[in-house]
There are 2 protein chains.
Amino acid sequence: MTSFTVTVDLVMLTIRQGALHVLLIRRAIPPYQGASALPGGFVLPEEDLGAAAARELAEEAGIAAPGHLEQLASYGAPGRDPRGRVVTVAYLALLPDAPAPTAGSDAAGAEWVPVAALPALAFDHAGILADGVERARAKLEYTPLGAAFCPPEFTIAELRQVYEAVWDTTLDPRNFHRKATSTEGFVEPTGRSTAGERGRPAALYTRGSATVLSPPLLRSR
Amino acid sequence: MTSFTVTVDLVMLTIRQGALHVLLIRRAIPPYQGASALPGGFVLPEEDLGAAAARELAEEAGIAAPGHLEQLASYGAPGRDPRGRVVTVAYLALLPDAPAPTAGSDAAGAEWVPVAALPALAFDHAGILADGVERARAKLEYTPLGAAFCPPEFTIAELRQVYEAVWDTTLDPRNFHRKATSTEGFVEPTGRSTAGERGRPAALYTRGSATVLSPPLLRSR
DNA sequence: GCAAAAGTGTTCCCCCTACACCCATGA
DNA sequence: TCATGGGTGTAGGGGGAACACTTTTGC
């Protein structure tokens, strides 16, 4: 009945400049001092795992209402932390763009980094991050979670650009439009539309109430 | 930096008499003495989480080579175990039928119970089991893991009966046969076939090498 | 032969793809 | 009126659902 330390680590993803980014912090203290790492911290004595993840999310990025937060997986290999036996429960967060890169962070320098250009990471965080990105990619296929990367009201084109960034591909705008608007519960029209930009104004939508997409929106092939 | 106890719990599923069953133990000691629960135990000082799950699998059911073993999720609500702060990492195991119901078990009375007729469970195990069953149902859609419930060599009809038991539905035998045999990497023919049963002998297959089914095999609708 | 189970062929339809085309705005 | 991006129509094809039909065994 060994004694363990339990932490939560966050894979926070967002879309910036059309590319998928992850929030990384620079570690201010050993071990791995100066290295990049996923944000995270200890679970408090009377705190549930999900609550700890939500608290870290607020502390690291000043986020009160993430687009989506879900448990990813747990990692507890004996040698993964030189300080001792530490099990970390990783969470995946999907966020709308640009919630102040470092707002309220208690870690030295938090910043958004493109997942296509990652530095070396502390601990086993590279593997955790890879698992998180793959989870996000898969979830876009059969859930309406792409909208979790968007602001409260968004256009179909914005939603499509989320898919293109996460999957690193291009999609046909016309077919994507039809698919998104005709799939029950994916998006709901607000009646409002954009203005003041080039081209025809785009209708604005909010997230629909569905939890799964039926039929799914499959990648490539 | 609270101190935690870490356990692994197993959702072990198999098919018996055409129905999905789970292995439950009867707790011999408090808390929840006498109640049904998922098999599980403490993670040892120098043991990885997955290794602990594999060890418990062997101890509880005498299984050396499960059809499949994967991490499910972690549960750590503050009051989930009256003994203190216990985080459990749940694993999902899919097994071929009938590996001696209680062989080698160190818990009082382990037995296979139909998931359609569950008793009340100790701790938060009812929720963990529900998550495991849902994971299994979803995984059959887009991976070849149905074969993990089958013996090393199996017929297409046996594989179909796995899907029917897990999804609690019926499938068209002819369409399922075509789908299973024509999907790349799902099953591999052995050249052998059954004999001594009613009707035309069935060809025997082994698990294919694919990790995902493309296109997937979707439920109902 | 008959029953039973395995396996094949065929038809219909839905949905995905590709792409031609129209719509509404800013400059 | 042109450029730009939003949105609709339509034809072709792949795959699933339904089911008629053939094959191969035990009795």
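Residue numbering restarts at 1 for every chain, and letters A, B, ... go by the order of the sequence lines.
Outside the 6.0 Å centre-distance limit, the rings of A:Tyr205 and A:Phe154 are not counted as a close aromatic pair.
Residue A:Asp172 places its side chain closer to C:dC19 than to any other of C:dC19, D:dA18, D:dG16. In this structure, the nucleotide among C:dA24, C:dA18, C:dG7 sitting nearest to the side chain of A:Arg178 is C:dA18. Comparing D:dG15, C:dA6, C:dC16 by their nearest atom to the side chain of B:Pro215 picks out D:dG15. When distances are taken from the side chain of A:Pro201 to each of C:dA18, C:dG7, C:dT25, the shortest belongs to C:dT25. For B:Arg174, the listed nucleotide lying nearest its side chain is D:dA20; candidates were D:dG7, C:dA6, D:dA20.
Counting any heavy atom pair closer than 4.0 Å across all strands shown, B:Arg198 reaches sugar-phosphate atoms only and no base atom. Residue contacts for B:Ala203: at a heavy-atom cut-off of 4.0 Å it reaches the sugar-phosphate backbone alone, with no base atom in range.
The CG atom of B:Leu218 sits 8 Å away from the P atom of D:dG16 (whole-angstrom rounding). When rounded to the nearest whole Å, the span between CZ of B:Phe154 and P of C:dA5 equals 20 Å. If you measure from atom CG of A:Leu204 to atom C1' of D:dG6, you get 12 Å, rounded to the nearest angstrom. Here C:dC19 presents its C1' atom at 16 Å from CG of A:Leu171, a figure rounded to the nearest Å. The CZ-P distance, from A:Phe176 to D:dG5, rounds to 18 Å in whole Å. Counting to the nearest Å, the P atom of C:dG7 and the CZ atom of B:Arg160 are 11 Å from each other. In this entry the distance linking CD of A:Gln161 with C1' of D:dG5 reads 11 Å, nearest Å. Counting to the nearest Å, the P atom of D:dA18 and the CG atom of B:Asn175 are 8 Å from each other.
Across the interface with DNA chain C, nearest-nucleotide mapping of B:Gly199 and B:Ile156 shows B:Gly199 to be the residue nearer the 5′ end. In this structure, B:Leu217 and A:Thr181 both approach DNA chain D, and ranking their closest nucleotides by distance from the 5' end singles out A:Thr181.
Contact record, A:Leu159 with A:Ala180: CD2-CB, 4.5 Å, taken as the closest heavy-atom pair. Pairing each heavy atom of A:Met12 with each of A:Leu57, the nearest pair is CE-CD1, 3.5 Å.
A donor and an acceptor atom, one from each side chain of A:Thr190 and A:Thr206, are nowhere located under 3.5 Å apart.
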Atom pairs and distances, side-chain donor-acceptor, residues 115-129 of chain A, under 3.5 Å, sequence neighbours left out:
{"from": "A:Asp124", "atom 1": "OD1", "to": "A:Arg80", "atom 2": "NE", "distance (Å)": "3.3"}
{"from": "A:Asp124", "atom 1": "OD1", "to": "A:Arg80", "atom 2": "NH2", "distance (Å)": "2.9"}
{"from": "A:Asp124", "atom 1": "OD2", "to": "A:Arg80", "atom 2": "NE", "distance (Å)": "2.8"}
{"from": "A:His125", "atom 1": "ND1", "to": "A:Leu38", "atom 2": "N", "distance (Å)": "3.0"}
{"from": "A:His125", "atom 1": "NE2", "to": "A:Asp9", "atom 2": "OD2", "distance (Å)": "3.3"}

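Look at A:Lys179 and you'll find a side-chain N or O under 4.0 angstrom from OP1 or OP2 of C:dC16. Contact check, A:His177 against D:dG6: no side-chain N or O comes under 4.0 Å of OP1 or OP2.
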